[in-house]
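Side chains are part of it too, since the values below use all heavy atoms of this structure and drop only hydrogens, waters and symmetry mates. We count residues from 1, following the sequence as given.
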Amino acid sequence: MDLKSIILAGMILGLLPGACAPARTPEPTPGAPADLTWERIQSAGKMIVGTAGDYPPFEYYNDQFRLDGFDVALIQAIGQKLGLRVELNDFAFDGLGGALTIGQVDAAIAAISVTDERQVVIDFSSVYYVGAGAALAKEGSGIAPLSSIAQLTQYRVGVQEGSAYQADLQRVVAAGAMPAGNVHAYAKADEGVAGLRQGAVDLFVLDEAAASEFVTQGGVEIAGQAVSQQRYAIAIPQGAVTLQAELNRALVELDNDGTLALLTDQYLGPHSGASPPPPPEA
């Protein structure tokens, strides 16, 4: 959480979020290989979806111990548009890719950033949200305001295991701009924030919306905002072209009828980085 991508060399902390237009995927054409994932979904009458319930406000457990959050509400709304039941399964964030590739789930939604590395092994729906990364520090640490990569790399930085933030920081390490020992990966975001509160790391990097949620819980503060843009989309198995087209169609309908904006305001607050998904090409 995968808030369910960060820090490229030379990027500064002042980069602002904005609308993104991902590559559009055409509708399946006659004679194209069968989409076995979509056939399985239709046969079962339900879509099995993986998520990672430790990344509020995108996904979390509410007071009734049920999965809730922006991503959870969004995929349920998509299921209604498609006439499908949605069965949610909770995974560690870094296990979602494997669950997709072995067919354990039909799709995954968990603030998953679209990256070139991920597109080698899985496919994505249209982008449904554009967010930005933030750096959390322990309350009263005096670390603020951060404004450059050079300022960030001198600290012990926590990230979620398997996140795009981790991948981007590892590229900074590979470039020799940051000691490898300064990057600390945690299985869950809340574990990383707990480590931050305990002094195990100096910073923890995650989506701004998630960072703000952890600030309300106390003990941490935002030391850097708008670290990088993140494009969130629903992850699906490679070659699931019919499922991809159906998800994209549902996203367009939810955007057109105002549901996407309503859910964004409800869970992420007004004036967030939400980006309306482009319609798939015919």
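Put simply, the side chain of Tyr155 does not reach to within 4.5 Å of the side chain of Asn182, judged on heavy atoms. Using a 4.5 Å heavy-atom cutoff, the side chains of Val157 and Phe204 are not in contact. In this structure, Val72 and Tyr60 have side chains that are not in contact, with every pair of non-hydrogen atoms separated by 4.5 Å or more. Looking at heavy atoms from C-beta onward, Asp106 lies out of side-chain contact with Trp38 at the 4.5 angstrom threshold. Here the side chains of Asp190 and Phe214 are in contact, with some heavy-atom distance below 4.5 Å. Counting heavy atoms from C-beta on, the side chains of Pro179 and Gln154 never come closer than 4.5 Å. Between Leu169 and Met178 the shortest side-chain heavy-atom distance falls below 4.5 Å. Within the 4.5 Å cutoff, the side chain of Val127 has heavy atoms near those of the Val130 side chain.
Between the Glu161 side chain and the Gln166 main chain, no donor and acceptor come within less than 3.5 Å of each other. Of the possible polar contacts, one joining the Thr264 side chain to the Leu260 backbone as a donor-acceptor pair under 3.5 Å is found. Without hydrogens or angle criteria, Ser43 side chain to Glu39 main chain gives no donor-acceptor distance under 3.5 Å. Within the 3.5 Å criterion, the main-chain N or O of Val220 finds no donor-acceptor partner in the side chain of Lys138. Judged by distance alone, with hydrogens and angles left aside, the side-chain atoms of Asp54 form a donor-acceptor pair with the main-chain N or O of Ala189 at under 3.5 Å. A donor-acceptor pair is defined here as one N or O able to donate and one able to accept, closer than 3.5 Å; no such pair exists between the side chain of Thr51 and the backbone of Gly53. A distance-only check finds no donor-acceptor pair linking the side chain of Arg85 to the backbone of Ile48 [under 3.5 Å]. In this structure, Asp35 contributes its side chain and Val241 its backbone to a donor-acceptor pair below 3.5 Å.
Across Pro237 and Leu100, no two heavy atoms sit closer than the pair CD-CD2, 3.8 Å. Heavy atoms only, all atoms of each residue included: Ala235 and Ile122 are closest at CB-CD1, 3.8 Å. Contact record, Leu96 with Gly50: CD2-C, 3.7 Å, taken as the closest heavy-atom pair. Across every non-hydrogen atom of Ala209 and Pro57, the tightest pair is O-CD, 3.4 Å. Here the closest heavy-atom approach between residue Ala223 and residue Ile143 is recorded as CB-O, 2.9 Å. Minimum heavy-atom separation, Tyr232 to Ser113: CE2-OG, 3.2 Å.
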Stepwise side chain to side chain contact (heavy atoms under 4.5 Å, CB included) check, Phe70 with Tyr128: CA-CA 11 Å; Phe70 176 70; Tyr128 63 81; 3.7 Å; yes
Stepwise side chain to side chain contact (heavy atoms under 4.5 Å, CB included) check, Tyr129 with Asp71: CA-CA 10 Å; Tyr129 180 81; Asp71 284 341; over 6 Å; no
Side chain to side chain contact (heavy atoms under 4.5 Å, CB included) assessment of Tyr61 paired with Asp90: CA-CA 10 Å; Tyr61 284 90; Asp90 192 6; 2.8 Å; yes
Phe58 vs Tyr267, ring pair (Phe, Tyr, Trp, His ring centres under 6.0 Å): CA-CA, chis, key distance, verdict: CA-CA 8 Å; Phe58 293 95; Tyr267 287 99; 9.7 Å; no
Stepwise side chain to side chain contact (heavy atoms under 4.5 Å, CB included) test for Leu203 and Leu136: CA-CA 5 Å; Leu203 299 169; Leu136 281 178; over 6 Å; no
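Interatomic distance, Gln42 CD to Met47 CE, rounded to the nearest 0.5 Å: 11.5 Å. To the nearest 0.5 angstrom, Ser126 atom OG is 7.5 Å from Gln244 atom CD. From Leu243, atom CG reaches atom CZ of Arg40 across 9.5 Å, with rounding to the nearest 0.5 Å. Within the model, atoms CG of Leu67 and CD of Gln76 stand 9.5 Å from one another, a figure rounded to the nearest 0.5 Å. Atom OG of Ser125 is separated from atom CD1 of Ile78 by 7.0 Å, given to the nearest 0.5 angstrom. In this structure, CZ on Phe124 lies 6.0 Å from CZ on Arg118, to the nearest 0.5 angstrom.
Under the side-chain contact (heavy atoms from CB on, under 4.5 Å) criterion, Glu253 pairs with Lys81, Arg249, sequence neighbours left out. In this structure, the salt bridge (charged side-chain N to carboxylate O under 4.0 Å, His left out) partners of Asp202, at least two apart in sequence or on a different chain, are Arg156.
Criterion: ILVMFWY side-chain heavy atoms under 4.5 Å apart, direct or through other members. Under it, Val105 and Val121 are part of a common hydrophobic cluster. Note on Val120 and Val114: same hydrophobic cluster, where clusters join Ile, Leu, Val, Met, Phe, Trp and Tyr whose side-chain heavy atoms are under 4.5 Å apart, directly or indirectly.
Screening Ile236, Ile109, Val252, Thr242 against Leu247 for a side chain to side chain contact (heavy atoms under 4.5 Å, CB included) leaves a single residue, Ile236. Under the side chain to side chain contact (heavy atoms under 4.5 Å, CB included) rule, Thr259 has a single partner from Asp255, Asn256, Leu263, which is Leu263.
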